[in-house]
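This one's a predicted model, so the numbers in the text were calculated from it and none came from an experiment. No hydrogens, no waters, no symmetry mates; every other heavy atom, side chains included, goes into these values.
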Amino acid sequence: MNYWETAHVANGDEYADIVGTIDWGDPHCIENVAVLVNSVAPNRSVQDWIFEFVNSVDTASYLKQSHYRFTYSEAAWIVYQCRSKPLAEKICALATIATEMGRSVDEHRPWGPEWKEKFSSVAEALNCFLPEIVMAVEAFFTPKGHEIYQYCILSPEGEECAPWEAAFSSFDYCMAQAKQDLIDEPSPKRIQIRKQVVDTWCEHGKAVFVDDVLVEIISGWENDDGMSDMEQFFESMWLTIPTPFVRGDVLYDPWCFKCKPLSGGGPIVVEEFAYERFKRHAPVGADSSDMSVMGYFQEEDGSIFYEVLPGYLNLERCPADLLTGQRGIMKDLGSYLKGDCYLDELVNRCAVALLDGVRQNFTPMFETLNALERGAC
């Protein structure tokens with residue numbers, strides 16, 4: 001069985017069954033996918049489906065309640081950036097976007113000038129890229145000589161990207177060991193596996209899994225052209241999708257909260273969003289990492305600094321239980337920026353929060369002596 005058949009059998013994934021059924025060499029393959037998707041969920045439009053792909057639960061809820069209507073470019077970007085949905089479902093959603101848009105819709109093209117020369121619409125781009133994704137998956141899971149598999153754990157509970165572990169002769173052995181390492185970890189369990197030529201730096205792609213489900217395929221030297229083009233196309237988009245957040249809100253990314261703040265986890269006290277600064281003259285073709293939020297972070301010693309955090313559509317409101325001890329300063333700073341407290345009150349709160357943080361990390365002298373005495377015995 002190929003990967004799509006395996007995923008369908010293992011997880012009952014109807015979208016994997018659709019992707020595996022299609023002849024991707026057929027000029028009408030995208031339309032054929034959309035027809036099969038409609039049989040799974042009849043009469044569901046892109047606008048109905050797309051909210052499920054927004055990474056931030058808070059933002060998805062806000063957009064849905066406000067009846068926000070995505071452009072087709074925004075919808076495609078949201079699906080591409082989604083980090084939890086199965087890749088098969090992403091492919092089916094992108095095919096639906098391309099088919100629903102067709103070639104008759106004239107809308108703003110928020111991507112770089114080199115791509116505007118190549119594609120007149122996002123539908124045209126998707127018709128080009130989707131077969132490339134399927135080919136990349138087939139290449140990754142098709143064993144060849146002189147190749148090895150390695151894995152690393154992408155965990156919100158530790159490092160953003162752990163070191164690559166030992167080499168394995170097959171994907172199945174590699175995945176089995178990775179899953180064993182995560183057996184006691186809570187969901188979502190995130191694993192990245194790479195395929196590499198023995199004794200060289202020649203990489204034949206990477207695959208990202210969340211709870212055993214393939215969510216992303218990343219280009220390697222073997223399938224670099226089409227996949228790299230797709231990545232550059234989406235990264236060149238700069239969109240102004242609104243969020244429910246305002247100045248003074250304390251936000252974080254639950255997927256990488258325990259990594260270093262500037263790696264994307266935060267927390268950050270919001271000062272301003274990039275889409276607010278460029279409200280009148282949104283840049284076209286800028287790097288999508290510029291879709292950011294500016295605000296205040298906290299060092300481990302409690303000090304505050306100002307910086308920029310990319311990926312504002314991944315952020316959610318930081319829970320109160322994470323804003324205790326010296327991190328309580330973040331909540332107080334947010335109140336100050338919202339005008340809910342005066343400067344003197346903020347300063348006093350900061351002093352108390354810092355003392356609480358020190359107190360939590362302080363081991364009383366008698367406890368230290370007791371521990372030393374027990375050790376001596």
Discussion item. For W49, give me all partners under ring pair (Phe, Tyr, Trp, His ring centres under 6.0 Å), at least two apart in sequence or on another chain.
Written reply: Y15, F53
Worksheet item: Residues in side-chain hydrogen bond (donor to acceptor under 3.5 Å, both in side chains) with Y62, at least two apart?
Response: none
Practice prompt. List in chain and number order the residues that pass side-chain contact (heavy atoms from CB on, under 4.5 Å) with K64, two or more places apart in sequence or in another chain; answer none if no residue qualifies.
Written response: F51
Worksheet entry | Validation row: N55, C82 side chains within 4.5 angstrom (heavy atoms) | yes
Worksheet item: What residues, two or more places apart in sequence or in another chain, satisfy side-chain hydrogen bond (donor to acceptor under 3.5 Å, both in side chains) together with Q177?
Response: D181
Fill in: E147 (side chain) donor-acceptor with K195 (main chain) under 3.5 angstrom
no
Worksheet item: Under 6.0 Å between ring centres, would you say that holds for F168 and Y149?
Response: no
Discussion item. Is it true that Y80 and E235 share a donor-acceptor pair across their side chains at a distance under 3.5 Å?
Written reply: no
Discussion item. Is it true that, when you exclude R69 itself, more than 12 heavy atoms of the residues, nucleotides or ligands shown sit nearer than 6.0 Å to its CZ?
Written reply: no
Response to the item:
Between the OG atom in S73 and the CG atom in L239, the distance rounded to the nearest 0.5 Å is 7.5 Å
Discussion item. Would you say that I304 contacts M330 through its side chain, given a criterion of any heavy-atom pair below 4.5 Å between the two side chains?
Written reply: yes
Discussion item. In terms of relative ring orientation, are F119 and F233 parallel, tilted or perpendicular, with 30° and 60° separating the classes?
Written reply: perpendicular
Worksheet entry | Side chain to side chain, S56 and L313, heavy atoms closer than 4.5 Å | no
Practice prompt. List the atom of V122, the atom of A76, and the distance in Å for their closest heavy-atom pair.
Written response: CG2-CB, 3.9 Å
Worksheet entry | Those residues that, when tested against S61, pass side-chain contact (heavy atoms from CB on, under 4.5 Å) (two or more places apart) | Q65
Item to complete: Over all heavy atoms of both residues, which pair between T96 and C92 is shortest? Give the atoms and the distance, please.
Response: OG1-O, 2.8 Å
Discussion item. Does Y173 have more than 12 heavy atoms from other residues, nucleotides or ligands lying within 6.0 Å of its OH?
Written reply: no
Worksheet item: Out of curiosity, does I18 fall in the hydrophobic cluster containing V46 (side-chain heavy atoms, cut-off under 4.5 Å, transitive links)?
Response: yes
Item to complete: For Y312, enumerate each residue passing the ring pair (Phe, Tyr, Trp, His ring centres under 6.0 Å) test, keeping only those at least two apart in sequence or located in another chain.
Response: F273, Y275
Fill in: T142 and E138: side chain donor to acceptor below 3.5 Å
no
Fill in: Worked check of side chain to side chain donor-acceptor pair (under 3.5 Å) between Q298 and S303
CA-CA 6 Å; Q298 188 176 40; S303 59; over 6 Å; no
Practice prompt. Going by the side chain to side chain contact (heavy atoms under 4.5 Å, CB included) test, name the single residue among H204, Q196, R194 that passes it with I148.
Written response: Q196
Discussion item. Are R190 and V208 packed together at the side-chain level, in the sense that at least one heavy-atom pair is separated by less than 4.5 angstrom?
Written reply: no
Worksheet item: Closest approach of E185 and K189, non-hydrogen atoms and distance?
Response: O-CE, 2.6 Å
Worksheet item: Are any non-hydrogen side-chain atoms of C318 and L323 less than 4.5 angstrom apart?
Response: yes
Worksheet item: Which heavy atom of W4 sits nearest a heavy atom of I91, and at what distance?
Response: CH2-CD1, 3.9 Å
Fill in: Minimum heavy-atom distance between E14 and V40, given as atom pair plus value
OE1-CG1, 3.8 Å
Worksheet, complete the sentence: F209 meets the ring pair (Phe, Tyr, Trp, His ring centres under 6.0 Å) criterion, sequence neighbours left out, with F171
Worksheet item: Are the ring centres of Y296 and Y336 closer than 6.0 Å?
Response: no
Validation: residues 26-38 side-chain donor-acceptor distances under 3.5 Å, sequence neighbours left out:
unit_1, atom_1, unit_2, atom_2, d
D26, OD1, H28, N, 2.8
N32, ND2, H28, O, 3.2
N38, OD1, N43, N, 3.0

Item to complete: Supply the atom-to-atom distance E5 CD to T21 OG1, rounded to the nearest 0.5 angstrom.
Response: 8.5 Å
Worksheet item: Would the Y72 and F70 ring centres measure less than 6.0 Å apart?
Response: no
Discussion item. Let me check something: do L309 and F305 share a hydrophobic cluster, defined by ILVMFWY side-chain heavy atoms less than 4.5 Å apart, either directly or through other members?
Written reply: yes
Worksheet item: Do L343 and V269 belong to the same hydrophobic cluster, where Ile, Leu, Val, Met, Phe, Trp and Tyr are linked whenever their side-chain heavy atoms lie under 4.5 Å apart, directly or via other members?
Response: yes
Item to complete: Assess whether side chain to side chain donor-acceptor pair (under 3.5 Å) is satisfied between D332 and S335, documenting all intermediate values.
Response: CA-CA 5 Å; D332 297 330; S335 297; 5.2 Å; no
Worksheet item: Any donor and acceptor pair, going by atom type alone, linking the side chain of D249 with main-chain N or O of V270 inside 3.5 Å?
Response: no
Worksheet item: Could you give all pairs that pass the salt bridge (Lys or Arg N to Asp or Glu O under 4.0 Å) test and reach residues 77-92, with sequence neighbours left out?
Response: E52-K85, R83-D253, K85-E89
Discussion item. Is there a side-chain contact between I50 and Y68 in this structure, where contact means two heavy atoms from C-beta onward sitting under 4.5 Å apart?
Written reply: no
Worksheet item: How would you list, by chain and number, every residue that makes a side-chain hydrogen bond (donor to acceptor under 3.5 Å, both in side chains) with S187, sequence neighbours excluded?
Response: D211
Worksheet item: In Å, rounded to the nearest 0.5 Å, how long is the span from CD of E307 to CD1 of I268?
Response: 9.0 Å
Discussion item. Taking ring pair (Phe, Tyr, Trp, His ring centres under 6.0 Å) as the definition, give me every residue that meets it alongside F245, ordered by chain and number, with sequence neighbours left out.
Written reply: none
Worksheet item: So, R247 and E271, do they make that salt bridge, N to O below 4.0 Å?
Response: yes
Worksheet item: Would you say the side chain of V54 lies within less than 4.5 Å of the side chain of I241, judging by non-hydrogen atoms?
Response: no
Worksheet item: Can you pull the salt bridge (Lys or Arg N to Asp or Glu O under 4.0 Å) pairs that have at least one residue in residues 168-179, sequence neighbours excluded?
Response: K179-D212
